[in-house]
Amino acid sequence: MEARPGPLARGLLSYVSTTLGSRYRFPPASSIDATYCYSIFLRHLSYVTPLNGGETPLRVAELGPGISLGMGLAALLAGAETYLALDTIDHTDPARDLEVFDRLVEMFRARLPVPVDGVCADAFPPPLSPEFPPFLAQRLDALLAPERVAAIRADVGSRAGRFIRLIAPWDRSVPIPPRGVDWIMSHSVLMYVEDLDAVHACFAAWLRPGGVMTHEIDYTSNAITRHWNGHWALSEGLWRLIRGRRPYLINREPHATYIAAAERHGFEVLREIELPGQDGIPRAQFAPRFRGLSERDATLAEALVVSRARVPEAG
């Protein structure tokens, strides 16, 4: 059987209790690791700064920070003024975030290039440049001034909201100031969103005209099946059993669905950095719902989508 026994068992257990078998298991190179956060942040930033006058956007929002706020903490150290973190469940811990923060400060002070080995060996997307951003090197003394670092660190521990606002659980009923964000980012998160139109409508409401989004999307089965693309071979009935009553699971949508949602809600897709899957099952073995996928969608394992909110035309 293409489906692995473990995910199926956890799905069945969730019908008994939503807490049984529904705990999210973060991958080894997860956001708890400061080096991984630093590497992934600089990779996303390399695609954003050319669209933002060569600077870090000031108001940053992240969908699904995961087990730590590391990406957002890196954004603050790189010059962002505020960081908004939105998640379904709060997996973070202030003490752990303080450890990540202190290590991030060390890496920024050392002006380390983008890490590409160890926990980052398989990280995606590739950075546009592996070197430490020159514009940051020029501003680093001010950005890492002791009083600024101390103020951000205090907010990490206290969650007082001066620099960081964490909303979990988040849903569309939680008010976010319109046009109040310059950059929305996510990493291996959008594939867990059931209603992609709804979340893109939220993005469109939050982002200022000309603001930027970077979303790394994983189209693989997340080890639910024996092959990376085996989730597209599962029948609707079997998928319902695996999905169960868990708070979230991958949505099985292909790349084209995300691009269409972004464009429907007024975003201009600027770049699509793609990583093809290896050794998947052929499209002929897909379930009927997915046999019509394009060759591109059927073979795409990951992608970084860089888009921009369109600026209304004058007059």
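For reference, positions follow the sequence shown, starting with 1.
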Under-4.0 Å salt bridge between E106 and R109 = no

How far apart are the C-alpha atoms of I250 and T220, what are their side-chain angles, what is the distance that settles it, and do they pass the side-chain contact (heavy atoms from CB on, under 4.5 Å) test?
-> CA-CA 9 Å; I250 58 172; T220 70; over 6 Å; no

Test: R271 and E216 ion pair at under 4.0 Å = no

Would you mind listing every ring pair (Phe, Tyr, Trp, His ring centres under 6.0 Å) that reaches into residues 104-127, with sequence neighbours excluded?
-> Y38-F108

Would the Y258 and Y219 ring centres measure less than 6.0 Å apart?
-> yes

Is R139 salt-bridged to E55, cutoff N-O under 4.0 Å?
-> yes

Judged by atom type as modelled, is there a donor-acceptor pair below 3.5 Å linking the side chain of R308 to the main-chain atoms of L270?
-> no

Is the count of non-hydrogen atoms from other residues, nucleotides or ligands lying under 6.0 Å from Q278 atom CD greater than 12?
-> no

May I ask you to check whether F203 and H200 place their ring centers less than 6.0 Å from one another?
-> yes

Does a donor on one side chain sit under 3.5 Å from an acceptor on the other, for H255 and E274?
-> no

Quick one: closest heavy-atom pair of F163 and E81, and the distance?
-> CD2-O, 3.5 Å

So does E268 pair up with R310, basic N to acidic O under 4.0 Å?
-> no

Any salt bridge between D102 and R153, counting N to O under 4.0 Å?
-> yes

